[in-house]
Amino acid sequence: MAVLSKLLEKITYQCVCGTLDIDVVDVIYDSRRVVPGSMFVCIPGAKIDGHIYAKDAVKAGASVLLVEQEVELPAGWDVTVIRVEDTRYAMAFISAAYFEYPAQQMKIIGITGTKGKTTTTYLVKSILEQAGRHVGLIGTIETIIGDTHIHAENTTPQSYLVQKYFRQMADAGCDTVVMEVSSQGLMLHRTQGFTFDFGIFTNLEPDHIGENEHKDFEDYMRCKSLLFQQCRVGIVNHDDPHWEEVTKGCTCELETYGIDTQADLWAENIEFLNEAGTLGMGFDVKGLMNFPVEITSPGKFNVYNALTAIAICRHFKVQEENIKAALLAARVKGRTEMVKVSDAFTLMIDYAHNAMALKSLLTTMRAYQPHRLVCLFGCGGNRAKSRRYEMGEVSGSMADLTIITSDNPRCEKPQDIIDDIKIGIGRTHGKYVEICDRKEAIAYAIDHGEPGDIIVLAGKGHEDYQEINGVKYPMDERVLIQEILLERRGD
């Protein structure tokens with residue numbers, strides 16, 4: 001509970017009616033969750049404008065309405081109406097005040113970019129915890145508060161949830177938070193109300209452009225750049241051609257990392273490591289720090305992820321030995337995640353679920369010169385058919401064998417989706433088999449693995465369900481693999 005005037009202390013507003021001298025029991029942005037004495041925030045959404053629910057919210061007991069346009073209410077209703085220019089922006093500051101500014105009690109690290117955010121957050125968490133810090137995490141897969149893991153709905157949650165998690169983290173003894181910061185999150189002001197101690201830029205490629213997202217690449221880039229007007233220190237990938245544009249007009253100190261030796265921190269003597277079915281990378285860190293590193297994640301992009309984490313953790317005075325041990329031990333669920341099934345060949349799970357990500361992944365695996373590159377994937381139902389054609393064409397062109405299977409068919413027939421993928425593969429000379437049941441498809445891949453193969457299970461990554469006709473059924477590829485191995489041992 002907080003006094004309304006206190007919640008409004010850092011925003012510009014107009015009190016249309018009512019009083020500021022009242023207690024607010026909660027800040028709500030979903031009219032279905034309004035409780036007596038709460039503030040209801042009217043958010044104009046992509047499809048539904050929250051202002052139309054103002055009357056319902058007051059009927060349910062809301063004592064304060066936060067609006068950015070006029071709302072009609074019956075005469076005589078006892079409610080305070082606060083008008084602001086942008087309710088999303090205002091909600092971020094109100095939420096910070098409601099939870100008593102928890103970000104001020106911790107170091108906050110925000111990571112933005114098209115790729116690498118998820119992996120880097122886990123690497124940073126691993127390194128800092130090796131050094132004795134207590135780290136909370138907010139990201140695409142989950143929010144982690146101590147031993148509590150909360151499933152994520154969005155990469156960057158609504159500002160109210162961000163502040164709620166910050167409060168829970170501070171109360172649980174966290175001294176640091178590392179979080180993924182999406183372009184949508186920045187555009188929709190979900191990360192306002194506090195200042196990041198460190199803002200990180202990994203890379204930029206065309207993505208999230210279209211209806212209800214970004215109108216064009218320039219808008220996407222502009223939103224990414226907002227992070228560097230809201231942080232104290234910016235750490236950016238010098239090798240990305242967009243880094244100067246992204247940091248134009250920044251208000252923070254800047255430093256760079258990369259493989260290019262013009263960066264402040266860089267990697268050289270890069271090696272691809274392949275040992276007993278486990279793929280990794282080795283390289284020397286140079287510049288602001290100097291020491292050799294090995295990581296148990298494959299590909300040049302994971303060198304960048306590791307460098308990013310090192311560049312961040314340098315500011316926390318982490319010792320070299322702690323960094324090296326943490327990078328060697330770190331695992332990120334569903335991101336080039338290797339699952340041991342044989343010393344003879346490699347099996348990995350990855351979230352690559354569009355053509356661009358799949359092409360990048362398969363290109364990386366080719367660098368290890370496998371005997372065969374086997375790619376197992378499906379496509380989600382009720383999504384653009386073009387993705388199916390494109391992914392089919394990529395796998396057909398780059399893999400020695402494609403195993404087409406089911407992903408999340410949603411409300412479509414799995415076979416119809418497979419038939420669309422086959423159209424894409426048909427544009428190539430790639431070999432393929434189709435096995436609709438995903439467990440059977442994985443069993444086929446394992447049973448037919450040859451020495452030196454790299455087998456990629458693409459598309460599901462960290463997901464532990466399969467969505468069919470609106471119902472999410474439990475399905476974790478790690479569990480499926482263990483079941484298959486147990487069944488084989490029983491044969």
Side-chain angles (χ1 to χ4, degrees), residues 1-99 152-165 181-194 208 210-215 219-220 222-223 226 230:
M1 185 179 293
V3 178
L4 177 58
S5 58
K6 175 73 173 174
L7 298 184
L8 303 175
E9 65 184 1
K10 293 196 175 182
I11 63 171
T12 302
Y13 63 91
Q14 174 191 0
C15 184
V16 177
C17 64
T19 177
L20 302 183
D21 190 25
I22 56 172
D23 289 330
V24 174
V25 302
D26 206 349
V27 180
I28 308 290
Y29 51 91
D30 182 339
S31 62
R32 296 166 296 184
R33 299 183 179 179
V34 168
V35 295
S38 62
M39 170 191 285
F40 176 61
V41 183
C42 300
I43 296 176
K47 296 179 180 178
I48 299 175
D49 188 340
H51 289 82
I52 67 176
Y53 296 111
K55 189 182 296 185
D56 293 337
V58 177
K59 284 181 179 178
S63 57
V64 181
L65 292 177
L66 187 73
V67 304
E68 60 182 62
Q69 61 194 48
E70 190 174 335
V71 291
E72 290 187 18
L73 296 172
W77 279 23
D78 184 19
V79 61
T80 296
V81 178
I82 303 296
R83 186 162 181 171
V84 295
E85 185 176 337
D86 187 319
T87 51
R88 288 185 186 274
Y89 182 84
M91 182 172 72
F93 287 88
I94 289 169
S95 298
Y98 180 77
F99 289 105
E153 298 294 334
N154 301 103
T155 296
T156 306
Q158 285 282 9
S159 58
Y160 175 87
L161 273 180
V162 169
Q163 294 296 333
K164 180 180 179 180
Y165 292 152
V181 182
S182 67
S183 55
Q184 287 282 94
L186 288 161
M187 180 175 71
L188 300 175
H189 307 306
R190 293 175 182 169
T191 58
Q192 286 292 343
F194 66 96
H208 301 291
E211 189 179 1
N212 300 333
E213 292 191 281
H214 299 285
K215 62 181 180 181
D219 183 59
Y220 179 50
R222 180 190 63 79
C223 289
L226 295 174
Q230 197 191 331

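FYI, side chains are in, hydrogens and waters are out, and symmetry mates aren't considered; it's all heavy atoms of this structure.
Among residues two or more places apart in sequence or in another chain, the salt bridge (charged side-chain N to carboxylate O under 4.0 Å, His left out) test is passed with Arg83 by none. Not counting sequence neighbours, the partners of Ala2 by the side chain to side chain contact (heavy atoms under 4.5 Å, CB included) test are Leu7, Tyr98. Among residues two or more places apart in sequence or in another chain, the side chain to side chain contact (heavy atoms under 4.5 Å, CB included) test is passed with Ser63 by Ile22. The ring-ring contact (aromatic ring centres under 6.0 Å, His included) test applied to Tyr165 returns no partner, not counting sequence neighbours. When the side chain to side chain contact (heavy atoms under 4.5 Å, CB included) test is applied to Asp49, the partners found at least two apart in sequence or on another chain are Pro44, His51, Gln69. Residues satisfying the side chain to side chain contact (heavy atoms under 4.5 Å, CB included) test with Cys17, not counting sequence neighbours, are Val81. For Phe194, the ring-ring contact (aromatic ring centres under 6.0 Å, His included) test picks out Phe166, Phe196, with sequence neighbours left out. Every residue was checked against the side chain to side chain donor-acceptor pair (under 3.5 Å) condition with Asn154, not counting sequence neighbours, and none meets it. With sequence neighbours excluded, no residue forms a salt bridge (charged side-chain N to carboxylate O under 4.0 Å, His left out) with Lys55.
Nearest heavy-atom pair, Cys223 versus Leu186, reported as atom, atom and distance to 0.1 Å: O-CD1, 3.1 Å. Across Gly193 and Ala96, no two heavy atoms sit closer than the pair O-CB, 3.6 Å. Minimum heavy-atom separation, Thr156 to Ser182: OG1-N, 2.9 Å.
Counting heavy atoms from C-beta outward, Val181 and Thr155 have side chains that stay 4.5 Å or more apart.
Under the salt bridge (Lys or Arg N to Asp or Glu O under 4.0 Å) criterion, the residue pairs touching residues 8-19 are Lys6-Glu9, with sequence neighbours excluded. For residues 84-93, the pairs satisfying side-chain hydrogen bond (donor to acceptor under 3.5 Å, both in side chains) are Glu68-Thr87, Asp86-His189, with sequence neighbours left out. Applying the salt bridge (Lys or Arg N to Asp or Glu O under 4.0 Å) rule to pairs touching residues 14-27 yields nothing, sequence neighbours excluded.
A side-chain donor-acceptor contact under 3.5 Å links Ser38 to the backbone of Val35. Between the side chain of Thr80 and the main chain of Thr19, a donor-acceptor pair closer than 3.5 Å is present.
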Report the C-alpha distance between Val64 and Val79 in whole Å, list the side-chain angles of each, state the deciding distance to 0.1 Å, and finish with yes or no for side-chain contact (heavy atoms from CB on, under 4.5 Å).
-> CA-CA 6 Å; Val64 181; Val79 61; 5.7 Å; no

Tell me, with the steps shown, if Tyr29 and Leu161 meet side-chain contact (heavy atoms from CB on, under 4.5 Å).
-> CA-CA 11 Å; Tyr29 51 91; Leu161 273 180; 4.0 Å; yes

Assess whether side-chain contact (heavy atoms from CB on, under 4.5 Å) is satisfied between Val84 and Phe93, documenting all intermediate values.
-> CA-CA 12 Å; Val84 295; Phe93 287 88; over 6 Å; no

Could you give me the CA-CA distance, side-chain angles and deciding distance for Ile94 and Leu8, then say whether side-chain contact (heavy atoms from CB on, under 4.5 Å) is met?
-> CA-CA 6 Å; Ile94 289 169; Leu8 303 175; 3.9 Å; yes

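Expressed to the nearest 0.5 Å, how far CG of Leu65 lies from CG of Leu73 amounts to 6.0 Å. Once rounded to the nearest 0.5 Å, the distance linking CE of Met39 with CE of Met91 reads 10.5 Å. The CD atom of Gln158 sits 10.0 Å away from atom CG of Asp30, with the distance rounded to the nearest 0.5 Å. To the nearest 0.5 Å, the span separating CZ on Phe40 from OG on Ser31 amounts to 5.0 Å.
No option in Ile28, Val27, Val41 other than Val27 meets the side chain to side chain contact (heavy atoms under 4.5 Å, CB included) test with Tyr160.
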